[in-house]
Undergrad: 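Pasting a structure here, questions to come.
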Amino acid sequence: MPQRIQGLLALALWGLAALLIMQQGPLGLEESGAKALLLDWSIADQVANSAVTLGIPDWRALLWLPVGYLWTGHVLAIKVFSILLMILSAQLLYRWRAEEGQGEAALLATGLLLISPITIAQLDSLSPGVCLLAAFIMGAWVNREYRATPVALGGWFFAQLALCAFAVSLHPMGLAYPLSLLWAWHKTPVERRQQKIFFVGIAAAVILTLVMRMGWHDVWFWQNPVQSAAALLWGPSLDDSLSTTDVITGLAVLTLLLVLAISQSKRLWQDLMGRNLLLGVVIGLCVNDATWSFMALVFLLFAGAPGLLQPREWFMKRGFLVQRGWLWLLILVVATVFMRADRAHHDQIHLQMMSSQDQLIKTFADNVNTLRAESDAKNVPMPSIRVASQWPARTMVACRCDALPLPPAAADAPAQMAMLKGVSHLLLAPSDQRNLGLVANLSQLGTQVETLSLQPGGVLLQVRKTPQ
C-alpha cells in the first residue's frame, strides 16, 4: 500500500477517535466560536434573533457558513469540519518539515501534536487555535505559489490579504502572519511596485479587520503563563487551581520554549512558516490562554524535534540502541501522558464533569427545557424567555433561546431595572471585577430579582417585575 494511502487512513482513524472522545452536546464551547456558529445558524434559518446583538464574530463565521447552512443547529457538524481542517493542517505541517529533509522529525512532531490533549480540547471547544494554525500554514503555501507566478492584484494576492484578515480576526497571535509577510516583502521583494502594493494591502486588511471587530472582545489578556504552559502537557483544567506539579511543569515548559526560541530563532526566521510560529508564540505571551498553549505546543514540537533527532557523536559510537533508545523512552512517556489526559477528557464528559461556568449555563438550560416540556404537556404557549448573560453566545447555544449581553451598570437601582425591560433571567459571575457595579444595583432591587441558583461559577437570577 502506498505511504500516502497509509497516512490518509491513519489520519482518518485519528479523526474518528477524536470525534468519539469529544462532547456531543452544546456545552463546553468557547465564546467566540459559539458566536460565529450562532450567526451562521441565524443566516441559514433566516431568523431575526438576538444573535446579531452579540457583536461581529471572527471570520470563522464565513468559513463555517456552508456547514452551518447544511446542518443548522448541529454543533457536532462544525466539530467534524474542524477535525478535517486539523487533518489538512497536519498534512501541510508534515510536508513543511519533510521538504527540508527532516521527514523523521516531521512524523514525530505531527503524531504527538494530533494525540495531545490541548489539540483535542481546541477542537472540542471550537477554540480558534486550529483555524489559526491552518491560516499560518496556508499562508506560507499561498506565498510560495504567488512568488512562483507573481501577478500583481491576482488571485494569490487577494488570497494572502484574506488570510491576513482571517488570522487577525481570530486572536492577537494572528498578527504574526501579516507581520511575517511584511518582513518577507521587505527583505526579498519580487518587484518594487508589487512590494508597495503588498505593504498597502496588508496594512489595510489588518486595520480594517481590527476596526470592524473593535479588537478582540472574547480574549482576556495577561493570564497566568505558568498555568497555560502546564496545560500544554496536561491539557486545560476545569478550574483555575494550580498544583505543585502544574507549577513545576509550567516553569519547565516555559524554560524550554525560551531556550528553543533563542537557539532556533535564526533558522526559523528565514522561513515564513517558522517565522509565523515564532512571532505567534511571542505575541501570544500577552494573552497566555489555551490557544497560546496549542500554538506553543506546535512550536515546541516542530522546532524542537529536529534537534532531538540530530546525530550526536557520543551516542553514535555506542550503537543504534543507545542513539535512539533514550528518544524512544521520551516519546513513550510523552505519548502516555497525552493519552491519559485524553482519557481523562473523555471520562469528564461521560461523568458530566464540566467547568463552573458550563455548570451554571447547564442549570439554566435545564430550567428552560423543563418549561418547554411543561408547556408542551399542557398545550399552552411557553413563557417568554430572554436571558442577559455574561456568556451570551454559549448560553444561547445551550438553551436555544434569546440571549443578550449583560447591560452596563446604571447610575442607580431604578435605572438598572429600566434596562432590564424584556429580560427574564440574568447569568453572571458576581465576583468578576467588571460586574461589581451591576451586582451592587441588582442587590438593591429586593424582590424584583430572585436568586434561582448560586454556584461557584456564578449566579442565576430571575427578574420578577419589569416596568411597563
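All of these numbers come straight from a predicted model, not from anything done at the bench.
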Undergrad: Say whether, by atom type as modelled, one donor and one acceptor occur between the side chain of R400 and the main chain of G73 under 3.5 angstrom.
TA: yes
Undergrad: Does any non-hydrogen side-chain atom of T110 lie less than 4.5 Å from one of F302?
TA: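 Result yes, sub-4.5 Å side-chain heavy-atom pair found.
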Undergrad: Find the distance between CD (Q462) and CG (L452) and round it off to the nearest 0.5 Å.
TA: 5.0 Å
Undergrad: Is the CD atom of E145 crowded by more than 12 outside heavy atoms at less than 6.0 Å?
TA: yes
Undergrad: Looking at every heavy atom in both L272 and A140, which two are closest together, and how far apart are they?
TA: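 For L272 versus A140, the nearest heavy atoms are CD2-CA, 3.6 Å.
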Undergrad: Any chance OH of Y69 has more than 12 other-residue heavy atoms, nucleotides or ligands included, within less than 6.0 Å?
TA: no
Undergrad: Given the ring of W185, does R147 sit roughly above its face, with NZ or CZ under 6.0 Å from the centre of the six-membered ring and within 45° of the axis?
TA: yes
Undergrad: After noting the C-alpha distance and the side-chain angles of E99 and R144, does the key distance pass the salt bridge (Lys or Arg N to Asp or Glu O under 4.0 Å) rule?
TA: CA-CA 13 Å; E99 287 174 355; R144 184 174 62 181; 3.0 Å; yes
Undergrad: In this structure, are over 12 heavy atoms from other groups packed under 6.0 Å from R267 atom CZ?
TA: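 Enclosed: over 12 neighbouring heavy atoms sit under 6.0 Å from CZ of R267.
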Undergrad: Verify whether one side chain among N367 and H425 offers a donor that lies under 3.5 Å from an acceptor in the other.
TA: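 No, no side-chain donor-acceptor contact under 3.5 Å.
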Undergrad: Between S389 (side chain) and W391 (backbone), is there a donor-acceptor pair under 3.5 Å?
TA: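 Yes, because the side chain of S389 sits within donor-acceptor range (under 3.5 Å) of the backbone of W391.
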Undergrad: Are any side-chain N or O atoms of R213 and backbone N or O atoms of P57, one a donor and one an acceptor, separated by less than 3.5 Å?
TA: yes
Undergrad: So, Q352 side chain and H350 main chain: donor-acceptor pair closer than 3.5 Å or not?
TA: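 No: the side chain of Q352 does not pair with the backbone of H350.
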Undergrad: Step through it carefully: locate the ring centre of F198, locate the ring centre of Y146, and say whether they are under 6.0 Å apart.
TA: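 Yes, ring centres under 6.0 Å apart.
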Undergrad: So, do R275 and L268 sit near enough that their side-chain heavy atoms are less than 4.5 Å apart?
TA: no
Undergrad: Could you give the distance from CD1 (I137) to CG (L163), rounded to the nearest 0.5 Å?
TA: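 CG of L163 is found 11.5 Å from CD1 of I137.
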Undergrad: Where the side chain of T72 meets the backbone of A44, is there a donor-acceptor pair that is under 3.5 Å apart?
TA: no
Undergrad: State, to 0.1 Å, how close A165 and W59 come at their nearest heavy-atom pair, and which atoms those are.
TA: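 Smallest heavy-atom distance, with atoms named: O-CD1, 3.3 Å.
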Undergrad: side-chain hydrogen bond (donor to acceptor under 3.5 Å, both in side chains) between D246 and T249: does it pass, once the steps are laid out?
TA: CA-CA 5 Å; D246 291 334; T249 303; 5.6 Å; no
Undergrad: I'd like to know if the side chain of Q227 and the backbone of L242 have a donor-acceptor N/O pair within less than 3.5 Å.
TA: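 Looks like no, no N/O pair under 3.5 Å.
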Undergrad: Can you tell me how far apart CG (L277) and CH2 (W96) are? Round to the nearest 0.5 Å.
TA: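 Answer for the CG-CH2 pair, L277 versus W96, is 5.0 Å.
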Undergrad: Which word best sums up how the rings of W156 and W141 line up, parallel for under 30°, tilted for 30 to 60°, or perpendicular for over 60°?
TA: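 Judged by the thresholds at 30° and 60°, the geometry between W156 and W141 is perpendicular.
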Undergrad: Checking L438 against L426 for the side chain to side chain contact (heavy atoms under 4.5 Å, CB included) test, could you report, in this order, the C-alpha distance in whole Å, the side-chain angles of both residues, the deciding distance, and whether it holds?
TA: CA-CA 11 Å; L438 176 62; L426 289 162; 5.6 Å; no
Undergrad: When rounded to the nearest 0.5 angstrom, what distance separates CD in Q91 from CE in M86?
TA: 11.0 Å
Undergrad: As an exercise, state the distance from OG of S169 to CZ of F166, rounded to the nearest 0.5 Å.
TA: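 Going from the OG atom of S169 to the CZ atom of F166 covers 6.0 Å.
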Undergrad: Are any of the side-chain heavy atoms of I21 and R343 separated by less than 4.5 Å?
TA: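 When only atoms from C-beta onward are counted, R343 and I21 do not touch, as no gap falls below 4.5 Å.
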Undergrad: Check whether any side-chain heavy atom of Y177 lies under 4.5 Å from a side-chain heavy atom of I202, and answer yes or no.
TA: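 A side-chain contact is absent here, since even the closest heavy-atom pair is not under 4.5 Å.
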Undergrad: Search all heavy atoms of A167 against all heavy atoms of A135 and return the closest pair with its distance.
TA: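 The answer is CB-CB, 4.1 Å.
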Undergrad: Enumerate the salt bridge (Lys or Arg N to Asp or Glu O under 4.0 Å) contacts for residues 360-371, please, sequence neighbours excluded, ordered by first and then second residue.
TA: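 Qualifying pairs: K362-D366.
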Undergrad: Under a 3.5 Å cutoff, is there a donor and acceptor pairing between the side chains of T363 and Q455?
TA: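 Yes.
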Undergrad: Less than 4.5 Å apart, any side-chain heavy atom of Q23 and any of V75?
TA: no
Undergrad: I'd like to check P128 versus E30 (side-chain heavy atoms, cut-off strictly below 4.5 Å). Are they in contact?
TA: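 Yes, side chains in contact.
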Undergrad: Regarding S125 and S127, is there a side-chain donor-to-acceptor distance under 3.5 Å anywhere?
TA: yes
Undergrad: Testing the basics here: between G174 and L132, what is the closest heavy-atom pair and its distance to 0.1 Å?
TA: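 The pair with the smallest heavy-atom distance is CA-CD1, 3.7 Å.
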Undergrad: Once you measure the plane-to-plane angle for H186 and W183, does it fall in the parallel (<30°), tilted (30-60°) or perpendicular (>60°) bin?
TA: tilted
Undergrad: Examine the side chains of H171 and D58 and answer whether a donor and an acceptor come within less than 3.5 Å of each other.
TA: no
Undergrad: Before you tell me yes or no, could you show the steps for F81 and L76 under side chain to side chain contact (heavy atoms under 4.5 Å, CB included), namely the whole-Å CA-CA distance, both residues' side-chain angles and the distance that decides it to 0.1 Å?
TA: CA-CA 9 Å; F81 178 83; L76 192 61; over 6 Å; no
Undergrad: Return the CD1 to NE2 distance between I349 and H346, rounded to the nearest 0.5 Å.
TA: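 The CD1 atom of I349 sits 7.0 Å away from the NE2 atom of H346.
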Undergrad: Is there a donor-acceptor pair closer than 3.5 Å between any side-chain N or O of W14 and the backbone N or O of G111?
TA: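 No; judged by distance alone, with no hydrogens or angles, the pair does not exist.
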Undergrad: Using a 6.0 Å cut-off, check whether atom CD of Q433 has over 12 heavy atoms from anything other than its own residue.
TA: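 Not more than 12 within 6.0 Å, no.
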Undergrad: One pair to check against salt bridge (Lys or Arg N to Asp or Glu O under 4.0 Å): D218 and K35. What are the steps and the verdict?
TA: CA-CA 10 Å; D218 302 315; K35 188 184 299 184; 3.3 Å; yes
Undergrad: Does a side chain donor of either R60 or S32 reach within less than 3.5 Å of an acceptor in the other side chain?
TA: yes
Undergrad: Return the minimal non-hydrogen interatomic distance between A109 and L301, and the atom names on each side.
TA: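 That would be O-CD1, 3.5 Å.
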Undergrad: So, using disulfide (SG to SG under 2.5 Å) as the criterion, who are the partners of C164 when residues are at least two apart?
TA: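 Listed in chain order: nothing, the list is empty.
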Undergrad: With R434 as the cation and W220 as the aromatic partner, state whether NZ or CZ is under 6.0 Å from the six-membered ring centre and within 45° of the axis.
TA: yes
Undergrad: Tell me, do L258 and L254 make a side-chain contact under 4.5 Å, heavy atoms counted?
TA: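 The answer is no, as the side chains (C-beta and beyond) never meet within the 4.5 Å cut-off.
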Undergrad: Using every non-hydrogen atom in the two residues, find where L232 and L297 come nearest and quote the distance to one decimal.
TA: CD1-N, 3.5 Å
Undergrad: May I ask you to test the L63-L85 pair for a side-chain heavy-atom distance under 4.5 Å?
TA: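 L63 vs L85: side chains touch.
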Undergrad: Got a donor-acceptor contact below 3.5 angstrom from the S228 side chain to the N288 backbone?
TA: yes
Undergrad: Between the side chains of N435 and Q390, does any donor sit under 3.5 Å from an acceptor?
TA: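 There is such a pair (donor and acceptor under 3.5 Å, judged by atom type) between the side chains of N435 and Q390.
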Undergrad: Residues in salt bridge (Lys or Arg N to Asp or Glu O under 4.0 Å) with D358, at least two apart?
TA: R394
Undergrad: Donor-acceptor check, side chain of Q122 to backbone of G129, threshold 3.5 angstrom: yes or no?
TA: yes
